[in-house]
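No hydrogens, no waters, no symmetry mates; every other heavy atom, side chains included, goes into these values.
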Amino acid sequence: MIDPGFTTEAMSSVFSAESRVSTMVQVESMLAATQASCGVIPQVAAADIVAELLGPVGDPDAVLADGWTLGSPVVALLDRLRARLPSESAPWLHYGATSQDIIDTAMMLQVGRANKLIVKVARSVTDRLAEHRIDFGDAASVTRTLMQPAEPHTFAYRIDRWRDPLLNRIAALEAQQRFLQLGGASGDRQVDDVAKQMAAELGLCTRTTWHTDREPIVAMVFRVNQLVQWAAKIAGDLIVLGQPELGEVSMRAGGSTAMAHKRNPIDAIRARAAAAANDGVASIVLRSPTHEFERAAGAWQAEWFAVPLVYQTAAASLYALDAAVQSLTVPPGRRRD
C-alpha cells in the first residue's frame, strides 16, 4: 500500500494489477490479429483469440503473483487465456513472441497513458503561472544568489524562470518516442511487416530489439525525472518565499499540532517529498546494472516495480505543485498600483 501522498488515484489506476494484465491481453490480441492480417497464423485462430480475449481476466493480482512461481506473469496469463480457446486455436496464441515482448510493449502502452496524465497536470501549472504573471507579475521580488538577497526584480521575472524550463521539460517528454518490443525468444527477430503494422495499430514506433538495450525505457524515465525535479525546484522556492519573515507569497496552508500560529505550505512540501521519492525509484532504472546477454536476470524485472512508482511519485509531485500554484498569491502591499 503506497502512501496516498506519493501517488494520485488516476495514476494508480494506470498501473493497477487490472490495468497491467488487461494491457498484456491487449498486446496478445493485437499480435494475433496482425499476424493473421499478414498471413502468419490462420484467420480462424486469430478470430477465436480476439473474441475470447475480449472478456476480463479474473483475479489479476493472482496472475502477477503466480508469475513469480511460473516464470513470468505472461506464463500465468497464457495458462488462463488458452483455457478459454478451442484446442485448434490455442497454439496460435502468443505465436513467435516471448514474455518480454508482451511485458515491454504493454509497459509502453501504460507509459503512454501515464504521460498524458503527467503532461495535463504540468500544463495546468504552466497555465496558472501565466495567469499569475498577468495578475501580479509587476509585484516586487528580490532575486537571490547563494540564498542571499541580490538584485530587485519583478515577480514576472521569477515566474519566467520557473515556467520556461518547465515548458521545455514537458516538450521533451512529449517528444520521447515509445517503442514496440517484438524480438522473439532470443531477440533476433527483425522489424518485419507484423511489427510495423502492430506498432502502427498501437501508436508505437519500431526499432531493433531492445530486450537488453534499455534506452527506450531509460530515456522515458529520465524525461519524467527531469520534469519532476524542476517541479521540486519551484516548490522549494515557494516554500522559502512563503516564510512569514519574507512574506513575498502566500499559499494554502496546513496546520500544526503543537503551534497554532504556523502556516505550513503543505502542497509545496508534498511536491518536494514526492520528488525526492521519484529520484530514488528512478535510480533503479537510470543506474541499474547492465542487462546481461539476451535477457536480464533481475534488472529487467526490477523495472516492473520501479516504472509504476516513477510515474506515481511524479504525478503526486506535479499534482501537489499544481495545488500550490493554484492557491498562490502575492500580498497586495507588494504589488504596484
Side-chain angles (χ1 to χ4, degrees), residues 2-16 18-20 22-23 104-131 162-179 202-205 214-238 267-286 303-326 328:
I2 187 171
D3 186 291
F6 293 86
T7 187
T8 65
E9 185 176 349
M11 193 62 80
S12 291
S13 178
V14 169
F15 290 101
S16 67
E18 180 181 3
S19 176
R20 184 177 176 196
S22 66
T23 306
D104 282 351
T105 300
M107 179 66 79
M108 280 294 177
L109 294 178
Q110 290 179 279
V111 162
R113 299 166 197 154
N115 283 347
K116 290 180 180 179
L117 294 176
I118 291 291
V119 169
K120 182 179 179 181
V121 68
R123 289 205 179 279
S124 178
V125 173
T126 60
D127 289 348
R128 190 58 170 170
L129 286 174
E131 294 172 2
W162 289 336
R163 186 171 180 267
D164 291 348
L166 192 58
L167 286 169
N168 291 338
R169 284 161 173 77
I170 294 170
L173 178 59
E174 289 182 312
Q176 189 64 51
Q177 291 180 311
R178 294 177 298 114
F179 292 94
L202 294 173
L204 301 174
C205 301
R214 305 310 288 171
E215 192 274 339
I217 200 69
V218 168
M220 193 69 72
V221 168
F222 175 77
R223 295 301 183 193
V224 173
N225 179 250
Q226 289 295 292
L227 177 58
V228 173
Q229 295 312 309
W230 193 257
K233 178 268 191 300
I234 298 172
D237 287 353
L238 289 173
D267 295 320
I269 290 169
R270 178 187 176 189
R272 294 258 291 178
N278 180 270
D279 215 28
V281 291
S283 70
I284 296 173
V285 177
L286 299 179
E303 292 175 2
W304 310 348
F305 167 80
V307 173
L309 289 177
V310 167
Y311 275 94
Q312 289 178 49
T313 53
S317 182
L318 288 161
Y319 178 88
L321 177 63
D322 188 42
V325 170
Q326 293 296 330
L328 180 66

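- No more than 12 heavy atoms of other residues, nucleotides or ligands shown are found within 6.0 angstrom of CD on E18.
- Salt bridge R123/D127: absent, no basic N to carboxylate O contact under 4.0 Å.
- Using a distance-only test at 3.5 Å, with no hydrogens or angles considered, a donor-acceptor pair links the side chain of S22 to the main chain of S19.
- Remark: L328 CG to E131 CD distance equals 12.0 Å, nearest 0.5 Å.
- Taking CG of L129 as the reference point, atom CD of Q326 lies at 9.0 Å (rounded to 0.5 Å).
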Do V310 and M220 pass the side-chain contact (heavy atoms from CB on, under 4.5 Å) test, and can you show the C-alpha distance, the side-chain angles, and the key distance before you say yes or no?
CA-CA 10 Å; V310 167; M220 193 69 72; over 6 Å; no
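- Looking at W162, its side chain never comes within 3.5 Å of a backbone N or O of A235 through a donor-acceptor pair.
- At a cut-off of 3.5 Å, with distance as the only test, no side-chain donor of D267 or Y319 sits close to an acceptor on the other residue.
- Using modelled atom types, no side-chain atom of S317 and backbone atom of A314 make a donor-acceptor pair closer than 3.5 Å.
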Candidate pair T23 and M107, rule side-chain contact (heavy atoms from CB on, under 4.5 Å), full reasoning
CA-CA 8 Å; T23 306; M107 179 66 79; over 6 Å; no
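- From L173, atom CG reaches atom CD of Q226 across 11.5 Å, with rounding to the nearest 0.5 Å.
- To the nearest 0.5 angstrom, N168 atom CG is 11.0 Å from L227 atom CG.
- For the pair R128 (side chain) and S124 (backbone), a donor-acceptor distance under 3.5 Å is absent.
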Exercise for the section: Under the side-chain contact (heavy atoms from CB on, under 4.5 Å) rule, what do L321 and L238 come out as? Steps first, then yes or no, please. Expected result: CA-CA 10 Å; L321 177 63; L238 289 173; 4.2 Å; yes
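- Distance alone, capped at 3.5 Å, is enough to place a donor-acceptor pair between the R270 side chain and the G5 backbone.
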### CA sep, side-chain torsions, deciding dist, call: Q110, F15, side-chain contact (heavy atoms from CB on, under 4.5 Å)
CA-CA 7 Å; Q110 290 179 279; F15 290 101; 3.9 Å; yes
